[in-house]
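Given the structure is predicted, the values throughout are model-derived calculations rather than measurements. The chains referred to below are lettered A, B, ... by the order of the sequence lines, with proteins before strands, and numbering in each begins at 1.
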Amino acid sequence: MNILAELRSRFCIALAKLDGSAEQLADMVLPSQDAKFGDYQANCAMPLGKTLGKPPREIAQQLVALLDVADLCAEPQIAGPGFINLRLRDEFLMAQIQQALVASDLGITPADQPQTFVLDYSSPNVAKPMHVGHIRSTVIGVALDRVLRALGHRVISDNHIGDWGTQFGMIIYGYKHFADQAAIASHLVDELSRLYRLVNQLVDYQETKNRKLPDIEKRIVDEAHCLDRLHDSTELEDPREREEHAKRLQSSENTLAELRKELADMRRKLAAVEGDPQLSPLLADHSAIGAAVLAETAALHAGDATNRSLWERFLPACLESMNEIYRRLGVTFDFTLGESFYEDRLAEVVADLASQGLVTESDGAKCVFLEGVDAPFIVQKSDGAFLYATTDLATIQYRASEWKPQTILYVVDHRQSLHFEQLFATARKWGFDQIRFEHVSFGTVLGEDGRPFKTRSGSAVGLGGLLDEAIERAHAIVSANDDARESPLLSPSERRQIAERVGIGAIKYADLSHNRTSDYVFSYDKMLAMQGNTAAYMQYSYARVRSIFAKGEINAESLRGRVSELGIQHPAERALALALLQLSEALARVSTDFRPNHLTAYLYDLASKYSSFFENCPVLKAETDKLRTSRLLLCDLTARTIGYGLQLLGIEVVERM
RNA sequence: GCGCCCGUAGCUCAGCUGGAUAGAGCAACGGAUUUCUAAUCCGUCGGUCGCAGGUUCGAAUCCUGCCGGGCGUACCA
């Protein structure tokens with residue numbers, strides 16, 4: 001049961017007798033911040049006192065008199081300015097625990113109104129190697145997928161892979177000019193990544209040299225002029241004007257300094273490429289590489305036989321290496337409909353937008369201009385090619401007609417927020433105004449230096465290597481700890497399996513336990529630590545519960561026939577029981593703002609409560625058989641709740657570690 | 001220039017829709033083991049919540065301005 005929701009609905013009934021905005025006020029029932037105030041608290045008497053023009057404590061008393069919660073709580077207490085503090089009755093807690101113990105789904109309260117969600121996550125470009133940013137989308141996406149399903153929603157997961165864009169033009173160009181045929185034959189995907197990186201560096205070099213550098217040089221000249229003029233006009237009488245002037249002078253100087261720094265960075269980058277023995281010999285012959293790459297992309301899209309056959313040859317290998325990562329992460333999708341799937345619909349999308357008068361041509365490009373946004377949403381380039389804006393629109397059209405979702409979620413990093421703002425606005429104008437669109441954005445994964453997470457060589461860290469390292473470190477820790485025992489528990493193969501689950505779990509949990517909107521620092525040491533809110537701690541807690549059953553040779557399932565023996569005496573038992581009953585609340589929170597860290601926070605709190613119980617309440621050596629059974633029942637529900645919560649996060653548990 | 005996001009303890013981060021004395025973990029210091037996994041637990045130390053105003057009975061949270069940082073800003077995704 002979702003106790004919070006139940007209390008709110010009880011309050012809603014009582015509040016309706018006092019005021020019109022009962023539902024809003026009922027939302028002010030919250031879990032207590034401090035256990036000394038009880039289990040839940042209602043803060044609605046204060047604002048209500050205001051609107052009704054009566055002392056809040058008086059309102060609180062009226063409310064308590066109208067409130068019917070006797071089956072759930074002890075007599076509500078009024079405190080401070082008018083807080084209503086609620087303490088659940090132990091009999092109620094026990095009855096709920098008993099229900100959860102015998103329920104097939106731990107007694108989770110499903111959503112009031114089940115919806116259809118389309119969940120768009122992971123979405124890597126197949127030609128580029130996946131990096132640490134993709135893992136964040138994937139891991140958050142999986143967690144949302146499972147939590148929404150657990151609450152009874154219909155979820156369609158769709159991996160919108162980038163298999164048709166400019167990156168493929170880069171690979172094709174690279175293949176035609178730089179391919180090592182032996183490597184193509186033996187290590188196709190690795191060679192394609194090398195080609196991608198190579199071409200990307202060259203394109204970047206030419207683009208910087210031919211466009212960005214002159215552009216910034218011009219801006220420096222302009223800014224310097226501007227600054228000169230400001231310097232010349234110093235004879236101002238009015239002090240306010242003088243102040244204004246000084247401010248503009250300062251701002252201009254700052255801008256200039258920034259631009260010069262950028263220029264220096266660019267020159268350094270260019271020099272690095274020019275000094276690179278592999279890259280520098282290629283520069284002269286590939287001076288127009290940017291245009292050439294676009295031409296290769298355009299040829300692919302136009303159906304050029306060579307490029308098309310290269311695409312058909314490369315794609316399966318790319319997908320295979322991508323799927324290898326998904327296999328290791330334990331991820332599956334309902335659909336993997338990439339950009340290429342929508343290829344033949346793009347012209348129609350633009351034509352349809354145009355027929356509705358939404359398209360304006362500007363500098364040769366077909367654009368949708370939106371109120372309040374300066375940059376246009378370009379749906380067709382001046383050379384006739386389509387872009388990801390077009391594909392995304394076609395995708396919305398397809399998803400809407402195929403699955404009829406109420407909500408479409410995009411788990412994509414925050415740098416694309418403008419794109420999604422434009423996409424959603426355009427889609428609504430286009431007629432998809434009944435669908436709720438949500439950009440579930442997330443921050444950047446940083447290295448310990450505070451810069452985006454990179455290897456020493458400067459390239460983004462490959463995902464495979466990242467997982468390998470986490471597993472290796474986990475293995476070292478598992479082995480060291482087991483070796484330190486008087487008699488080690490674990491066989492070499494068991495250690496391997498544990499390391500795999502702990503290592504991968506650590507990476508996933510680190511992503512999930514942070515608020516997704518903030519950047520966070522990636523640290524193996526922190527994520528694999530046994531203290532604090534980590535996967536390893538959660539897995540350890542689980543293993544510790546399970547070891548009681550192993551030690552006592554107790555079958556948890558057969559125990560569930562004896563739920564009548566459940567009792568709550570010790571404060572640690574009560575705290576644990578209450579925490580066990582709050583799973584539904586945590587899941588509901590995850591589903592309202594699409595933030596899995598509500599669930600990790602809940603699990604951490606639960607595990608802490610269990611630790612306290614474990615210290616204070618002997619289970620196998622409990623004084624009486626009934627107490628022993630009762631505590632075993634709490635242990636059983638704890639293990640299953642932690643196990644289930646981690647499963648929803650895509651993390652596996654181990655019986656021993 | 002414009003737009004979005006961020007600024008919380010020495011470090012890494014929570015803080016839900018405004019609620020009572022701002023919380024964890026690490027680090028530092030001290031304690032607990034004949035007891036179910038001590039990979040644990042308990043305690044101490046540590047914060048003018050970037051700054052200044054405002055709204056409110058009540059602000060880390062909402063509003064305005066400023067300072068500092070990140071990202072984005074027309075044919076990449």
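Using a 4.0 Å heavy-atom criterion, one finds that A/Cys367 contacts the bases of the nucleic acid, with or without backbone contacts as well. Among the heavy atoms of the strands, none lies under 4.0 Å from A/Phe377. A/Gln24 comes within 4.0 angstrom of no nucleic acid atom, judged by non-hydrogen atoms across all strands. A/Asp363 comes within 4.0 angstrom of a nucleotide base, judged by non-hydrogen atoms across all strands.
Looking at the side chain of A/Pro376, the nearest of the listed nucleotides B/C16, B/U37, B/A74 is B/A74. Distance from the side chain of A/Met46 is smallest to B/G19 among B/C71, B/C36, B/G19. Among B/U37, B/U40, B/G70, the nucleotide with an atom closest to any side-chain atom of A/Ser547 is B/U37. With B/A39, B/G15, B/U21 as the candidates, the nucleotide lying closest to the side chain of A/Lys36 is B/U21. Nearest nucleotide to the A/Arg415 side chain, out of B/A77, B/C71, B/C36: B/C71. In the set B/G15, B/A77, B/A24, B/A77 carries the atom at the smallest distance from any side-chain atom of A/Gln416. Checked against B/U12, B/G70, B/C26, the side chain of A/Asp519 finds its nearest nucleotide in B/G70.
For the C1' atom pair drawn from B/A22 and B/A14, the interatomic distance equals 11 Å after rounding to whole Å. Atom name C1', nucleotides B/U56 and B/C2: the rounded distance is 33 Å, in whole Å. Distance noted for atom P between B/G18 and B/G53: 23 Å (whole Å). B/G3 and B/C66 have their P atoms separated by 11 Å, with the value rounded to a whole Å. For the C1' atom pair drawn from B/U61 and B/U17, the interatomic distance equals 10 Å after rounding to whole Å. Taking atom P in both B/A60 and B/C49, one finds a spacing of 7 Å when rounded to whole Å.
With hydrogens and angles left out, the side-chain atoms of A/Ser523 and A/Asp525 include no donor and acceptor closer than 3.5 Å.
For B/A39, its base sits under 3.5 Å from the side chain of A/Arg485 at one donor and acceptor pair at least. Residue-to-nucleotide contacts include no donor-acceptor pair under 3.5 Å from the side chain of A/Ser382 to the base of B/A74. Not a single donor-acceptor pair, N or O on each side, falls under 3.5 Å between the base of B/U37 and the side chain of A/Arg656.
Comparing A/Ser417 and A/Asp593 against RNA chain B, the residue whose closest nucleotide sits nearer the 5' end is A/Ser417. Mapped onto RNA chain B by nearest heavy atom, A/Thr444 and A/Thr166 fall at different nucleotides, with A/Thr444 at the one closer to the 5' end.
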* Yes or no on side-chain contact (heavy atoms from CB on, under 4.5 Å) for A/Ile171 and A/Val199, after CA distance, side-chain angles and deciding distance? -> CA-CA 7 Å; A/Ile171 288 206; A/Val199 174; over 6 Å; no
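Remark: B/G65 base-pairs with B/C51. Criterion, Watson-Crick or G-U wobble with two distances under 3.5 Å.
Salt-bridge annotation for A/Arg495 and A/Asp483: present, with a side-chain N of the basic residue lying under 4.0 Å from a carboxylate O of the acidic one.
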